[in-house]
2 protein chains.
Amino acid sequence: MSQHRHPGAPGRTGAVPAPPDLPEATVARLPEYLRALHQLADAGHETVSSEGLANAAGVNSAKLRKDLSHLGSYGTRGVGYDVGLLIDQIEFVLGLTQRRAVALVGVGNLGHALAGYDGFASRGFRIAALLDADPSRIGEEINGLVVRHVDELPRVAAEESISIGVIATPAPAAQAVADQLVAVGVTSILNFAPCVLSVPEGVDVRKVDLAIELQILSFHEHRKASLTALPATGGTLTPLPGGLAATDTQEAIGT
Amino acid sequence: MSQHRHPGAPGRTGAVPAPPDLPEATVARLPEYLRALHQLADAGHETVSSEGLANAAGVNSAKLRKDLSHLGSYGTRGVGYDVGLLIDQIEFVLGLTQRRAVALVGVGNLGHALAGYDGFASRGFRIAALLDADPSRIGEEINGLVVRHVDELPRVAAEESISIGVIATPAPAAQAVADQLVAVGVTSILNFAPCVLSVPEGVDVRKVDLAIELQILSFHEHRKASLTALPATGGTLTPLPGGLAATDTQEAIGT
DNA sequence: GCTTGTGAAACAATTCACAGCA
DNA sequence: TGCTGTGAATTGTTTCACAAGC
């Protein structure tokens, strides 16, 4: 959730047209359903109830049904959903019927790991190019792909029909890379650099920041600790700063 | 968004007690504000307006002000927020006044990268232990830390006061690792394995799935393509399956 | 005059609960 | 009888717009 602009639904021109314009929250869950469905399919299930799929995906069944209803999906009352059919539908909606080519820029620590991550290949993506600005990295081969200089991006984008750009550079380089990606026509960017990118209307950016995830957990950890720290003590504490960390107990691990 | 259970606000016992119980959406944004604030501080700003900070953090200013108001934060009308003070407040709320110890389980491709990621150290965390189940990895040194066997978790957790567990194992191993983490008292888990973890009440799990992020981008890419593909054609297309991919045009890169 | 803090309005997402169908 | 699909109720989030304060 962050930089997303939606072109505004085209005012109902007649018969329901192209993609059903799903709620963003639903879109974010479809991939998880898809994963769960593949798992079920591998286990030999041909059909699954909303309850069963919801469990496998870690959501509740009402939400799942509402999500699927947005796809206009057809389950069978009294029976459930056809696993194979649902997989096809979700893959279609997510635009995964074609294998998308991804360009990864920044082959440092994290970039290296991403370049070698099988999860991409197995879930509809093809890392089509590795790029970096550091001359000492050019030519290195990772997982069968040779690292090329980021200036070759225009050529690479054209040759490989790059659909999505992934930025795994240090923060100071990220905006320039984003600009270059946009310049060659990339309209979807996944950004691992801890910074805000500014991009023109119509370009989608998603951000993954590993430290942020930890900080969110830290908040909950902190909160749980403060709650158990005061069994029923009504007053006494001034937990917001001024005098920082007055009662910042060391969060008991265990009970 | 996913597996989170909240103990339910303790019904106002008297004076406002411990942590202000922020909306989850706000919590998720605080780390971003914090990053932006540090950036501003480094650039020499002592004070910043909601507008300025909002820009740096990539949100709009009304949202930012509402978020900060939940902290009970004190800006100065007509002036803005004191950068240093706000940093302290947010760090306090996020529980970052103590440096938290993180145990990383799974030192494969991704785990390696995480072990070497500076972003953790620089933002309040300390990777205190690297663990793996694969005997051939035990003893390897990464970034000054020796990989230990996951069975040593109980000892490690006690020695290092582990606050957060990070799972970077393959999916099939993840649940077992989660169970072990929970058993030694870890109540916050960051899961990189593409699967749903089941954990007892009171344990927070956040999931990062790199392929899912790409799939969400793929959806938008697909959607943008279908929109531009029909300049104003009212009918003709049956974009939902049955006959899959009927009009799944190759998404024009560029204009 | 400029900027915060915040009620009130608008919007979005989730959950409930049940009618409708196989 | 069992399970989906969905209106209606609820809860949560964002945005607006302006009064209050420096």
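Each chain gets a letter, A, B and so on, in the order its sequence line appears, and its residues count up from 1. The analysis underlying the following values was restricted to heavy atoms, covering all of them including side chains, and did not include hydrogens, waters or symmetry mates.
Side-chain atoms of A:Ser61 never come within 3.5 Å of backbone atoms of A:Ala54 as a donor-acceptor pair (strictly under, hydrogens ignored).
Distance B:Asp21 CG to D:dT11 C1': 15 Å, rounded to the nearest Å. For the pair A:Leu64 CG and D:dG5 C1', the interatomic distance rounds to 12 Å; values are reported in whole Å. What separates OH of B:Tyr74 from C1' of C:dT4 is a distance of 13 Å, to the nearest Å. Rounding to whole angstrom units, CG of residue A:Leu86 and C1' of D:dC3 are separated by 15 Å. In this structure, B:His70 atom NE2 and D:dT13 atom C1' are separated by 10 Å, rounded to whole Å. Taking atom CD of B:Glu51 as the reference point, atom P of C:dG5 lies 15 Å away to the nearest angstrom. Atom CG of A:Leu85 is separated from atom P of D:dT4 by 14 Å (rounded to the nearest Å). Between the CG atom of A:Leu53 and the C1' atom of D:dC3 there is a distance of 14 Å, rounded to whole Å.
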Stepwise, does the side-chain hydrogen bond (donor to acceptor under 3.5 Å, both in side chains) test hold for B:Thr26 with B:Asp67? CA-CA 6 Å; B:Thr26 296; B:Asp67 282 341; 2.7 Å; yes
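For B:Ser50, a side-chain nitrogen or oxygen approaches OP1 or OP2 of C:dT4 to under 4.0 Å. In terms of phosphate contacts, B:Asn60 brings a side-chain nitrogen or oxygen within less than 4.0 Å of OP1 or OP2 of D:dT15. Between B:Lys66 and C:dT6, a side-chain N or O to OP1/OP2 separation shorter than 4.0 Å is absent. For C:dA22, the OP1/OP2 oxygens have no side-chain nitrogen or oxygen of A:Thr76 closer than 4.0 Å. Residue B:Arg65 places no side-chain N or O under 4.0 Å from the OP1 or OP2 atom of D:dC18. Residue B:Tyr81 places at least one side-chain N or O under 4.0 Å from the OP1 or OP2 atom of C:dG5.
Side-chain contact between A:Leu217 and B:Arg100 is absent, with no heavy-atom pair separated by less than 4.5 Å. Counting heavy atoms from C-beta outward, A:His45 and A:Gln39 have side chains that stay 4.5 Å or more apart.
Residue-to-nucleotide proximity on DNA chain C shows that, of A:Thr26 and A:Val79, the 5′-proximal contact is made by A:Thr26.
The side chain of A:Ser69 has D:dG5 as its nearest neighbour among D:dG5, D:dT14, D:dT4.
Side chain B:Arg77 to base C:dT3: no donor-acceptor pair is found below 3.5 Å.
Of all heavy-atom pairs spanning B:Asn191 and B:Ala174, the tightest one is OD1-CB, 4.4 Å.
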